[in-house]
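Numbered from 1 within each chain, the chains take letters A, B, ... in sequence-line order.
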Amino acid sequence: MKNEKAKVQSSVNGILGNFVMTRRSFMKKATAATGTAVVLGGLKPSLKALAATSEISADEMGEWIASTCQGCTSWCAKQIYVIDGRAVKVRGNPNSKVNNGEGCPRSHLGLQQVYDPDRIKTPMKRTNPKKGRNEDPKFVPISWDEALNTIADKIMELRNNNETHKYMLMRGRYSYMRDVLYDRMTKIIGSPNNISHSAICAEAEKFGPYYTEGYWGYRQYDVTNSRYVLIWGADPVAANRQVSYYTSVWGDVISRATIAVVEPRLSATATKADEWLPIKPGQDGALAAAIAHVILTEGLWYREFVGDFIDGQNRFVAGRDVIEEDFEEKYTHGLIKWWNLELKDKTVAWAAERTGLSADQIHRVAVEYAKAAPHCISWVGGGPVMQVRGGYTSMICHALNGLTGGVDNVGGTLQSNKEYTKKFPKPDDFMDDIAKKGKKHEKIDQRGRLEFPAIKSGKPGSAVVTNNAADGILNSDPMEIKVAIGYMNNFAFSCGQPERWERALSKIPFLVHITTNASEFSWFSDILLPDTHHMFEKWGYVKAIGNGYRHVTLMQPLVKPVWDYKIDETEIPWLIAEKLAERGFDNLLRHYKEYKDPETGKAPTNEKEFALYALKYATQNLWDPAKHKGGDKINGWKEFLNIGVWNSDPYPYRKKWGNMKTKTKKFEFYSETLKSALKKHAEKHDTTVDHVLEVCQYQARDEKAFVPHYEEPFIAGDEKEFPFIFVDHKSRLNREGRTPNCTWYYEFKDLDPGDEIWEDVAKINPLDAQKFGIKSGDEIKITSETGSLTCKAKLWEGVRPGTVVKCYGQGHWAYGTLAAKEFGKVPRGGSNNDVIPAVYDRLSGSTVRHAGTRVKIEKV
Amino acid sequence: MSRYAMVIDLQRCVGCGSCSIACRNENNVPDGIYWSNKITETVGTFPNVRHHYIPTLCNHCEYAPCVRGCPTKAMHKLDNGITMHDPKKCIGCKYCEFNCPYGVIYFNWKEPHQFWKSNKVLLKGGTSSPQEEVEKIGAKKTPYFNPERGATLPASRPKGVVEKCTFCDHRVRKGLLPRCVEACPANARIFGDIKAPDSDVTKLLGKFRPFRLREQLGTNPHVFYVRDFNPAQYRPTKGGV
């Protein structure tokens with residue numbers, strides 16, 4: 001044992017030099033390029049610099065190197081413990097003010113991902129020309145050169161035939177290097193079709209904040225200063241966003257604040273809450289309306305923000321209109337219109353009937369929440385809003401923050417802090433006539449059509465409708481897609497009703513997938529390119545907010561790559577650009593050469609330099625002292641790499657009161673901003689707003705369309721045939737849907753309340769189970785109008801009767817040995833998306849994953 | 001000499017299990033074995049329901065039944081209070097496992113890390129076998145194998161012996177906290193010398209009425225629990241008849 005230890009020790013000494021050196025002396029030595037360069041000979045030049053700048057504890061064999069975790073969209077700053085070029089452990093980066101050195105369970109699973117033997121280690125091509133779910137692609141390995149030549153030939157074919165609009169780029173998980181591949185390459189080739197995953201994430205969550213306070217983005221919540229935290233379908237101690245931060249403070253938050261969680265299943269956060277409101281799926285808007293009604297009728301609104309009746313007398317009486325002139329608003333707009341149009345009849349009794357909650361609980365929550373004003377939060381998560389008609393639920397739940405003055409306030413809901421990263425050089429000068437003409441075509445996801453307003457930030461047709469791209473491809477409407485590239489996406493698994501994607505992808509004559517694992521999407525591809533793992537092998541950066549700060553955190557290649565992977569967003573587009581240049585089209589390569597190293601002014605000459613220079617270029621304002629604009633002062637690139645993260649200045653409270661980015665600059669209870677956006681869309685289609693709403697399946701007409709309001713849920717399936725509403729939730733171990741190929745995922749799956757290790761269970765209330773003769777452990781088939789899945793039953797009290805609750809993540813039929821029961825054929829467990837129909841919240845373009853469908857359950 | 005103990009603040013704990021996964025990682029614990037574990041319970045009937053979580057690990061008892069029952073002294077106490085195991089002396093009789101009232105000792109029925117011994121390849125020529133992956137990385141047993149664990153215990157324990165939590169003695173001796181403590185994002189685990197009057201552990205134990213698992217057995221466990229997993233507020237009531 002001692003010998004073994006000594007041996008390891010000596011090899012580590014070989015790698016890192018003398019342990020007893022202080023950091024400074026080590027840096028000096030490394031700068032002199034003595035030992036380090038020799039022992040790190042096998043690593044990239046950039047890694048040599050890394051070894052030189054990282055902290056080394058005298059007692060440990062390795063070193064902690066800064067990186068970033070993108071397992072969920074918390075995007076925490078991390079440090080990876082590296083021994084001999086090998087990643088061994090993960091921890092939070094203590095330099096971040098967002099996550100303060102704290103981590104989460106899923107971050108550790110990154111180790112099993114980066115060293116997953118099922119990762120593709122070389123480019124591959126399909127040898128079976130037939131495509132389909134039942135067609136084995138018969139992939140064979142090819143060289144990078146062959147793969148890139150083939151891709152370049154296919155793109156050149158489009159260019160030569162003047163049909164560059166038939167090129168498509170599909171984006172999955174991204175860093176902010178994304179524009180290199182997603183935006184610039186697509187534009188310079190000449191296509192409108194860069195399609196992101198955003199609408200299957202949570203765009204509807206941004207809809208409410210935008211059309212009330214003019215902020216299209218995820219909020220941060222000032223929980224440590226809060227006295228009441230009302231959470232709608234979010235699970236901050238388990239999933240998204242800033243899980244690490246909220247976990248680190250939750251034990252204190254629960255002492256100071258009352259926590260109420262609205263969700264049909266007992267979530268991880270609900271286990272640590274004062275109130276659990278197990279609402280009927282889709283009825284969140286009713287509860288929010290009743291809470292607003294109570295706040296107004298009982299005079300609990302926050303007068304410093306909202307204003308008051310001129311004579312100080314509360315005229316909000318159930319069922320009675322109020323005269324607008326009687327109320328003088330301060331930082332809000334349209335309160336009386338909101339009351340008259342929506343709230344006056346929304347009593348507690350009315351809401352109790354719809355929500356399945358007791359009138360007593362609704363009233364108690366409303367009063368206690370409002371009494372905490374302004375230090376209270378209405379926290380809108382994906383649950384109530386990623387639904388048909390969810391845009392309006394997003395508005396009404398978020399509007400409560402206006403009534404209480406919690407918006408932009410201490411202990412309330414906050415926007416994002418300023419950051420100073422730079423955009424990449426503009427592509428315009430490199431877009432030739434073919435490109436300009438190609439880009440003018442309509443996008444393949446049909447956004448902007450009458451039935452898809454997709455109005456992001458007030459602009460109709462500006463939000464992606466990810467899941468509808470499948471139908472666009474299938475119907476060749478607006479165009480046929482001939483050449484497509486997807487990266488770190490898996491729409492054939494991650495989108496509702498994925499069977500459409502299976503057919504759509506089969507239809508594309510030439511499909512490339514940049515991926516770590518051969519996933520469901522890969523199954524339909526012609527070429528697979530092995531991607532780097534973001535946390536260990538990639539140059540990039542992301543920005544995230546939390547704890548009143550914004551951080552910009554780096555990812556860097558910090559392990560010896562096991563196989564020949566290349567970076568999705570930089571190295572691969574550069575290599576394609578080189579191949580295009582060889583074929584006489586050098587616009588893209590000339591554009592990429594503009595991404596010069598800010599330190600030396602040198603243009604990149606190869607893909608590795610490009611990846612590094614592009615990152616340095618984009619982040620220069622953060623690390624170059626001469627360009628400092630705010631936040632942490634960092635003394636140069638090397639120091640930035642060592643620290644790994646830049647922090648913004650602290651959040652300036654109440655700076656947006658009276659200065660919001662809405663039409664009126666106020667918090668809009670009557671959204672002039674939405675009114676203008678909807679009118680723009682209606683005018684574009686030469687019709688009325690009412691007609692738009694009718695086509696898009698909303699119930700509101702006339703003026704009601706412009707105020708936050710309750711809409712009845714729109715759930716597929718007849719109640720008699722399909723007695724249960726299907727409830728989807730996320731796992732604290734999901735790294736997107738990619739961890740089901742890791743043993744630790746299954747070994748610890750019971751960390752999700754109600755779940756079981758090594759199983760994929762649907763949780764059913766024991767009362768319902770008894771009615772249907774189902775026991776825990778029974779194999780069951782869950783069927784909706786659009787599909788079915790098979791999994792195990794689990795009887796659990798944390799489920800609202802009338803619903804069946806299942807965690808997203810399992811049910812892969814590809815991705816890897818563990819993820820699938822039989823690779824390419826039989827899924828392990830069941831994929832929730834197989835029962836969720838492809839329906840939308842059309843105002844935001846979001847794909848529905850909650851309250852989307854009813855299901856039936858049968859024993860198998 | 002220090003006497004190490006751990007306080008687990010259940011109010012700070014969110015039941016995320018970072019402790020258990022980080023422990024797997026630090027100690028190269030094979031699948032199926034949980035040095036760090038939990039007791040969970042869903043209490044109540046809908047809609048009055050909560051789910052509770054108590055992290056568990058070796059209690060490093062003063063009067064450790066596992067040590068008392070070990071015929072070969074493989075299971076033994078260190079001066080700092082840690083209950084330690086020496087697999088070289090272990091004959092695999094499992095008395096310790098049966099004697100432990102907490103179920104935190106595990107027997108290695110199989111060669112550990114079998115997953116990584118497989119030579120099966122998913123896509124011929126396109127992916128590697130687990131075995132090939134480990135070899136190419138130049139690691140032992142698993143690609144992310146932690147050699148530092150090997151300082152005081154075989155870095156991976158062989159088939160036929162038991163294993164359990166050692167309070168990360170290999171880290172503690174270097175002045176580092178046990179990995180579960182470091183990795184707990186909620187700061188729910190507090191580690192230190194229970195004999196030192198100014199240690200955080202001592203202070204917390206003087207502030208709260210701690211409880212320990214199965215105290216009545218007289219094992220004098222050194223993992224203490226304070227506060228409640230769910231300290232929910234409710235409106236005062238006298239109930240009713």
Where on [X] is there a heavy atom nearer than 4.5 Å to chain B: the side chain, the backbone, both, or neither?
| X | answer |
| --- | --- |
| A/L751 | both |
| A/I259 | neither |
| A/D118 | both |
| A/V799 | backbone |
| A/A257 | backbone |
| A/S358 | neither |
| A/R91 | side chain |
| A/L818 | side chain |
| A/I757 | side chain |
| A/V90 | backbone |
| A/N100 | neither |

I'd like to know which of [options] tops the heavy-atom pair count under 4.5 Å against chain B.
| options | value |
| --- | --- |
| A/A518, A/S255, A/P530 | A/S255 |
| A/V237, A/L109, A/L528, A/V114 | A/V237 |
| A/T269, A/V562, A/T122 | A/V562 |
| A/P278, A/A273, A/A270 | A/A273 |
| A/S107, A/G101, A/P117 | A/P117 |

Heavy-atom side-chain contact between [X] and [Y] under 4.5 Å:
| X | Y | result |
| --- | --- | --- |
| A/F139 | B/K124 | no |
| A/W796 | B/T42 | yes |
| B/E133 | A/D116 | no |

From [X] atom [atom1] to [Y] atom [atom2], the distance as rounded to the nearest 0.5 Å:
| X | Y | atom1 | atom2 | answer |
| --- | --- | --- | --- | --- |
| A/R106 | B/I21 | CZ | CD1 | 10.0 Å |
| A/T817 | B/F115 | OG1 | CZ | 6.5 Å |
| A/D752 | B/C16 | CG | SG | 11.0 Å |
| A/F823 | B/L123 | CZ | CG | 5.0 Å |
| B/I137 | A/K560 | CD1 | NZ | 10.5 Å |
| B/I33 | A/E747 | CD1 | CD | 9.5 Å |

Report task. Could you please spell out the steps behind the side chain to side chain donor-acceptor pair (under 3.5 Å) verdict for A/T743 and B/D31? Result -> CA-CA 8 Å; A/T743 59; B/D31 286 343; 3.1 Å; yes

Strictly distance-based, threshold 3.5 Å: is any side-chain N or O of [X] a donor or acceptor partner for the main-chain N or O of [Y]?
| X | Y | value |
| --- | --- | --- |
| B/N230 | A/K272 | no |
| B/E148 | A/M61 | yes |
| B/R24 | A/W744 | no |

Requested in this report: Would you please test A/E368 and B/R235 for salt bridge (Lys or Arg N to Asp or Glu O under 4.0 Å) and show each step?
Outcome: CA-CA 11 Å; A/E368 290 180 5; B/R235 282 193 177 167; 3.2 Å; yes

Requested in this report: Starting from the C-alpha separation in whole Å, work towards a yes-or-no answer on side chain to side chain donor-acceptor pair (under 3.5 Å) for B/Y144 and A/Q112.
Outcome: CA-CA 8 Å; B/Y144 38 81; A/Q112 290 200 324; 2.7 Å; yes

Minimum heavy-atom separation for [X] and [Y], please, with both atom names.
| X | Y | answer |
| --- | --- | --- |
| A/C104 | B/S18 | C-OG, 3.1 Å |
| B/P47 | A/W276 | O-CE3, 3.6 Å |
| B/G17 | A/P105 | C-CB, 4.4 Å |
| B/L122 | A/G816 | CD2-CA, 3.8 Å |

Report task. Could you go through the salt bridge (Lys or Arg N to Asp or Glu O under 4.0 Å) check for A/E797 and B/R50 one step at a time? Result -> CA-CA 9 Å; A/E797 288 290 349; B/R50 286 296 188 279; over 6 Å; no

Does any heavy atom of chain A fall under 4.5 Å from the side chain of [X], the backbone, both, or neither of them?
| X | answer |
| --- | --- |
| B/K38 | side chain |
| B/Q131 | neither |
| B/T40 | neither |
| B/N25 | both |
| B/C184 | backbone |

Report task. Given side chain to side chain contact (heavy atoms under 4.5 Å, CB included), test B/Y234 with A/D274 step by step and report yes or no. Result -> CA-CA 7 Å; B/Y234 64 99; A/D274 300 281; over 6 Å; no

Just give me the residue among [options] that pairs up with chain A most often, heavy atom to heavy atom, under 4.5 Å.
| options | result |
| --- | --- |
| B/G126, B/C19, B/G15 | B/G126 |
| B/A139, B/A183, B/A188 | B/A139 |
| B/L10, B/T142, B/D9, B/V49 | B/V49 |
| B/S118, B/S129, B/G32 | B/G32 |

Query raised in the report: Passes side chain to side chain contact (heavy atoms under 4.5 Å, CB included), B/F229 versus A/T271? Steps please.
Result: CA-CA 8 Å; B/F229 186 72; A/T271 68; 3.7 Å; yes

**Report entry** Lys/Arg N to Asp/Glu carboxylate O, B/E182 vs A/K89, below 4.0 Å
**Finding:** no

Query - NZ/NE/NH1/NH2 to OD/OE distance under 4.0 Å, A/K121 and B/E132 - result: yes

Requested in this report: Carefully, step by step, assess B/N187 and A/E102 under the rule side chain to side chain contact (heavy atoms under 4.5 Å, CB included).
Outcome: CA-CA 9 Å; B/N187 293 311; A/E102 302 304 349; 3.6 Å; yes

Report task. Would you indicate whether A/K125, at its atom NZ, is surrounded by more than 12 heavy atoms from other residues, nucleotides or ligands within a distance under 6.0 Å? Result -> no

Query raised in the report: Hey, is NZ on B/K117 packed in by over 12 heavy atoms from elsewhere, all under 6.0 Å?
Result: yes

